[in-house]
K.L.:
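Dropping the structure in here first, questions after.
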Amino acid sequence: MTIGEKMPGYEPSSFEPKWQEFWETHKTFKTEDISEKPKYYILDMFPYPSGTGLHVGHPEGYTASDIFSRYKRMKGFNVLHPIGWDAFGLPAEQFAVKSGTHPAATTQRNIETFKRQIKSLGFSYDWDREVNTTDPKYFKWTQWIFLQLYNRGLAYVAEAPVNWCPELGTVLANEEVIDGRSEVGGFAVVRKPMRQWMLRITAYADRLLEDLEDLDWPEKIKAMQRNWIGKSLGAEVDFLVDPQSGVHAKLRVFTTRPDTLWGATFMVLSPEHSLVEALTTQEQKAAVAAYQEATASKSDLERTDLSKDKSGVFLGSYAINPVTDEKIPIWIADYVLASYGTGAIMSVPGHDQRDWEFAKKFGLEIREVISGGDVLQEAFAGEGVLVNSARFDGLPTDLAKTRVTEWLEAEGLGKGAINYKLRDWLFSRQRYWGEPFPIVWDAEGNPLALPEEMLPIELPQVSVYKPSGTGESPLASVPEWVNTTHPESGAPVTRETNTMPQWAGSCWYYLRYIDPNNDQVAWDPAKEKYWMPVDFYIGGAEHAVLHLLYARFWHKVLFDCGVVSTKEPFQKLFNQGMILGFAYKDKGGNYIHADKVTKSEDKAIHKETGETLEILIEKMSKSRGNVVNPDDVVSQYGADSLRLYEMFMGPLAATKPWDSDGVSGVYRFLARSWRLVVPQGDGEVVVSDKIRNDATIDDETLRLLHKTIKKVTLDIEGLAFNTAISQLMVCLNHLSKLEVVPAQAARTFVLLLSPFAPHLGEELWHLLGGADTLAYTPWPEYDEALCVDDMVTVAVQIMGKTRTTFDVPRDADQEFVLAAAKELPAVQKHLEGKTIRKAIYVPGRIVNFVVGG
RNA sequence: GCCGGGAUGGCGGAACGGUAGACGCAGGAGACUUAAAAUCUCCCACCUCAUGGGUGUGCGGGUUCGAAUCCCGCUCUCGGCACCA
């Protein structure tokens, strides 16, 4: 689109940078630490400053939170709206490995790009509160929080099978492994035992679950967290190993179905179970060893592949079912996981599909103990009534679970138990670019916490960033850093060479924003009390379990330490939807970059070959060639148009495709808003003489204005920005047609527009005689009485079919309206020869005649 | 398989149980212009023997004077989880 030649048209580039500079130099959005005003803390999810810069998906959430922030300021709130950088992480380190550039330099450059881009969109952040997780002044306190965890026994070292990624040379958390491959890079992941720092998040499982109740979060996210924590109620039951086998041991199992105990016809241990060796008979030794080896070399992907057949090996020995006293065979199989429950199960093939498949394959007995299905055809896992279960026969499932558990406890055979899917959090990484642990090791191999006064523990300079491949971080190859003395005893010690995962810095950044420059404490308690909790947290759903669960965990620990005043950090959470982009594929199935495509009508044509391409709507990514850069949109249409389009596309929560043509629509709206105030002329920017201070507002305009204030206000509160914008369009369409525009009406319109298009808002406000900035001008109020019309259009239906409409006074009574409706010619026609059986009038809405005969 | 969302014109999307399709994009017609761009005005679900009538919110039922909206049963689709005993 070319901007009209006549000056002074709507030219965002002529004033957008000016206002950005104004806000910056006047510190317009500087937040008072503590104020008499009510507080409102609105937070964007912590961005990772990647090398590729922003794409149009990023500003969606930022724009929404900015609109809300600006609105809240105008409503009289003291608003905390900060931004910063989650800047540790793998990409900068991988770049360092390849190029030798220090990750700090890469990080710095990326942050500058992000800042430039973000600032060009006019977001109202308090830049004095910017934080950066890689800054020693910041990670000093990340390390301090780790010490609090350590001192409370929540951080420990364990030799644990971990997700080892040879390609990345590091271990990964369960959450960073997707389908047996690394989330970053998609490399294969194998299991390998290693010494690792773990955080005891499982100790908080119940609180993390229960406290979800009071949070104003999307149900979907709560469900995902509940699912991740995976609380199961059941029982632990002890199975005695058959004394004839010569082994005196008990096998403990966890089951959620104690009511099916009479149907347990065999047992299965995980291949890693500690009693496997002892329970393996001589004849089975070779087969068992081979199976264990095969399992160990399998990747998690192979091991969890559902479509594969059940596999397993008989150990040769037997256990005694404690309720039937029968001998049942003990097997190992990889469908039983070492890391869940006790690593052993009682197999009830009649009532568990996995056990059923296993029994079928190996010819094991399937016994029905719950009636209601046909266990010869498939396992019956539903609820039913107990059979073949001695004195418990006839009990329904739920009652039987309780009764059997009570009986097991009384008999000393078992007890009620709870299990969680949630595992402790694997907290160390074999990387350079992360926070060092404030831990040293003594000569005996005991970890010692360094005193708080020594923080921060900074990263040393290294010459090589590549992981050694042995599982040690690049820090291990810096002896002058590793070898040190203990500050108190003076004894020689070695530093922990692992670093913390990227999640560490983002677990508490929202607390640092409250008091970002404090070098005495992590944050001032009085300020924390004033600002917490975060009132509104906006970000993508990709953080549903990882970041949000970890941050909640840390927050609860800090709460127990008495350093935060709320038990939850984020009161309200909202996930904006993903923005997709049009992608194009040729006949060969290759993606064609959007630059090489012309769209005409509904077809996409390859500019060079003329081939008609397939049009797809997919997630934006470099490889698909469908990334839209906000810089391009800003230079073509201006920041306000980008912001407005992001919000106008559809509901904030919805996934929606970016259509660059759509930007021109909102651009045209902003240009018409400009022309409402500044006429198309040939000279300098002057306010239109149609705008008059002395003009009185006609009734129709006044009512439309109040309706608009109401709709925009309620829509902002409900995050329905798309419909707020459409109402502003309706309002402007009307104002544009007026011969004389009362200045008061124009000013109100500008105020309502300003959170969405703040640059244009400020510029027009200024032209209309407003003082320096409108950022703190009170938000317009509406009069409910002026939000309705005196005359309303009522639809007239015969048998629920609309036949015509007519206007009546809003407060006309039913009798009058029904009588008037009957007289309408269009109604008469349909009533002819018929009897009105029932007449309904919904005031101001509809008349419906039910007829018969 | 389990848990969540969705499905409305050519497209993005609006609609307290009450006139389905607001607002915008694309498209069409016109005005202005030497012309184009920009701007402005109007049209724009489908069918039809058009001042009217009929059909329409993924499919099939139901509740109701009245259903895109509520209930029951499906289909398709997008996210997430997935051998968790």
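Just so it is clear: chains get the letters A, B, ... in the order the sequence lines come, proteins before strands, and each one is counted from 1. Note that the structure is predicted; figures quoted are calculated from it, not measured.
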K.L.:
Tell me whether the side-chain N/O atoms of Asn722(A) come closer than 4.0 Å to OP1 or OP2 in A14(B).
P.N.:
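Yes, because at least one side-chain N or O of Asn722(A) sits under 4.0 Å from OP1 or OP2 of A14(B).
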K.L.:
Using Watson-Crick and G-U wobble pairs whose two distances are both under 3.5 Å, how do you write the pairing of RNA chain B as dot-bracket, with | for links to another strand?
P.N.:
(((((((..(((.....[....))).(((((.......))))).((((...))))..(((((..]....))))))))))))....
K.L.:
Verify whether the ring centers belonging to Phe358(A) and Phe266(A) lie closer than 6.0 Å.
P.N.:
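Yes, close enough.
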K.L.:
Taking the side chain of Phe648(A) as its heavy atoms from C-beta onward, which of A82(B), G24(B), G18(B) lies nearest to it?
P.N.:
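For Phe648(A), the side-chain atoms sit closest to G24(B).
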K.L.:
Measure from the side-chain heavy atoms of Thr256(A) and tell me the nearest of A85(B), G18(B), G53(B).
P.N.:
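The closest nucleotide is A85(B).
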K.L.:
I want to verify a distance call: between C81(B), G18(B), G52(B), whose nearest atom is closest to the Lys421(A) side chain?
P.N.:
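Selected nucleotide (nearest to the side chain): C81(B).
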K.L.:
Is the distance from OP1 or OP2 of C40(B) to the nearest side-chain N or O of Arg675(A) less than 4.0 Å?
P.N.:
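The answer is yes; a side-chain N or O of Arg675(A) sits under 4.0 Å from OP1 or OP2.
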K.L.:
Using atom P of each nucleotide, how far apart are A68(B) and U8(B) to the nearest Å?
P.N.:
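Each nucleotide's P atom is 15 Å from the other's.
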K.L.:
Of the nucleotides A82(B), A85(B), G53(B), which one has an atom closest to the side chain of Phe254(A)?
P.N.:
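Given the options A82(B), A85(B), G53(B), the side chain of Phe254(A) is closest to A85(B).
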K.L.:
Starting the side chain at C-beta, find the nucleotide from G24(B), C65(B), A85(B) nearest to Ile345(A).
P.N.:
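The answer is A85(B).
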K.L.:
Asp661(A) has a side chain; which of A85(B), C25(B), G18(B) sits nearest to it?
P.N.:
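When the side chain of Asp661(A) is considered, C25(B) is the closest of A85(B), C25(B), G18(B).
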K.L.:
The side chain of Lys829(A) is closest to which nucleotide in this list: C81(B), G52(B), A22(B)?
P.N.:
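Between C81(B), G52(B), A22(B), the one nearest the side chain of Lys829(A) would be G52(B).
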K.L.:
Which listed nucleotide (C23(B), U19(B), U55(B)) is nearest to the side chain of Arg845(A)?
P.N.:
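Shortest atom-to-atom distance from the side chain points to U19(B).
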K.L.:
Find the distance Asp659(A):CG to G12(B):C1' and express it as a whole number of Å.
P.N.:
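It works out to 7 Å between those atoms.
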K.L.:
I want to check one thing: is the phosphate of G54(B), taken as OP1 and OP2, less than 4.0 Å away from some side-chain N or O of Arg803(A)?
P.N.:
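Yes.
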K.L.:
Side-chain donor or acceptor of Asn848(A) under 3.5 Å from a matching atom on the base of C65(B)?
P.N.:
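Check passes, donor-acceptor contact within cut-off.
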K.L.:
Looking at the side chain of Pro651(A), which of G13(B), G18(B), A20(B) is the nearest nucleotide?
P.N.:
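Selected nucleotide: G13(B).
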K.L.:
Counting heavy atoms from C-beta on, name the nucleotide in C23(B), G18(B), A85(B) closest to the side chain of Val842(A).
P.N.:
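The closest nucleotide is G18(B).
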K.L.:
Please classify A35(B) as syn or anti, treating any glycosidic angle within 90° of 0 as syn.
P.N.:
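A35(B): anti.
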K.L.:
Taking the ring of Tyr10(A) and the ring of Tyr667(A), is the distance between their centroids below 6.0 Å?
P.N.:
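Between Tyr10(A) and Tyr667(A), which both carry aromatic rings, the centre distance is below 6.0 Å.
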K.L.:
Any side-chain N or O of Arg226(A) below 4.0 angstrom from OP1/OP2 of G80(B)?
P.N.:
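Negative; the distance criterion is not met.
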K.L.:
Between protein and nucleic acid, restricted to nucleotides 75-79 of chain B and to nitrogen or oxygen atoms under 3.5 Å apart, what atom pairs and distances do you find?
P.N.:
unit_1: G79(B); atom_1: O2'; unit_2: Lys220(A); atom_2: NZ; d: 3.4

K.L.:
Check this one for me: any side-chain N or O of His351(A) less than 4.0 Å away from OP1 or OP2 of A85(B)?
P.N.:
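No.
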K.L.:
Checking one value: the base orientation of G62(B), syn if chi is within 90 degrees of 0, otherwise anti.
P.N.:
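Chi for G62(B) falls in the anti range.
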